[in-house]
Amino acid sequence: MKPVPHLSEAEWEIMKVIWKRKSCPAQDVIADLDGVMPWGAATIKTLLNRLLGKGALRFRKKGKAYVYAAAWTEEQCRSREASSFLDRVFDGALSPMLAHFVQSRRLSRKELQELERILKGTP
């Protein structure tokens, strides 16, 4: 099996629809993104084909339609992107990345509590 692919911003939008629906034909993806993204049907179909080529999607034929499903979970793709970002921007160092985000964004009390819980390793 191919490794988890890198997704462009546009491909993430397509994958979010697929993950939400579990599986669906191109027409459903087009309908869900209508008015949300400035893309026509041809662009969405191009993105679906690109995702198939990357191994991010699978498909099965149902009549004349292709029904698409994710080959990777959202968590697997998120983990791949987070690792790539950490390596590219922070040379793989987690502490400076966490410090950057904590210092550059105002965290709510709930977010601070969640971060503290995670760092302490408590459920």
Hydrophobic cluster identity match, L94 and L119, side-chain contacts under 4.5 Å: no
Connected via hydrophobic side-chain network under 4.5 Å: L57 and W12: yes
Closest non-hydrogen atom pair between L7 and A56, with its separation: CD2-CB, 4.1 Å
Distance in Å, I118 CD1 paired with L98 CG, rounded so as to fall on 0.5 Å steps: 9.5 Å
Closest non-hydrogen atom pair between S23 and R60, with its separation: OG-NH2, 4.4 Å
Other residues, nucleotides, ligands: >12 heavy atoms within 6.0 Å of K22 NZ: no
Intermediate values then yes/no, salt bridge (Lys or Arg N to Asp or Glu O under 4.0 Å), E75 and R78: CA-CA 5 Å; E75 182 55 37; R78 188 179 290 140; 3.5 Å; yes
Short side-chain to backbone donor-acceptor contact, S84 and R80, under 3.5 Å: no
Contact list for residues 28-42, test side-chain hydrogen bond (donor to acceptor under 3.5 Å, both in side chains), sequence neighbours left out: K20-D32, R21-D28, R21-D32
Shared hydrophobic cluster for I44 and L51 (ILVMFWY, side-chain gaps under 4.5 Å): yes
Test item: I30 and K45 side chains (from C-beta on) under 4.5 Å apart, heavy atoms: yes
K16, K54, H6 screened by side chain to side chain donor-acceptor pair (under 3.5 Å) with E11, the one that passes: K54
Heavy-atom side-chain contact between M97 and V89 under 4.5 Å: no
For the student: nearest non-hydrogen atoms of L86 and A93, plus distance: CD1-O, 3.3 Å
Step-by-step side-chain contact (heavy atoms from CB on, under 4.5 Å) determination, V29 to Y68: CA-CA 9 Å; V29 177; Y68 298 95; 5.6 Å; no
Transitive ILVMFWY side-chain link W19 to V67, under 4.5 Å: no
F90 and F101 aromatic ring geometry - parallel, tilted or perpendicular at 30°/60° bounds: tilted
Neighbour count >12 (heavy atoms, 6.0 Å) for atom CZ, R109: no
For G55 against W72, the heavy-atom pair lying closest together: O-NE1, 3.2 Å
Verdict with reasoning, L115 to E111, per side-chain contact (heavy atoms from CB on, under 4.5 Å): CA-CA 6 Å; L115 184 56; E111 289 170 325; over 6 Å; no
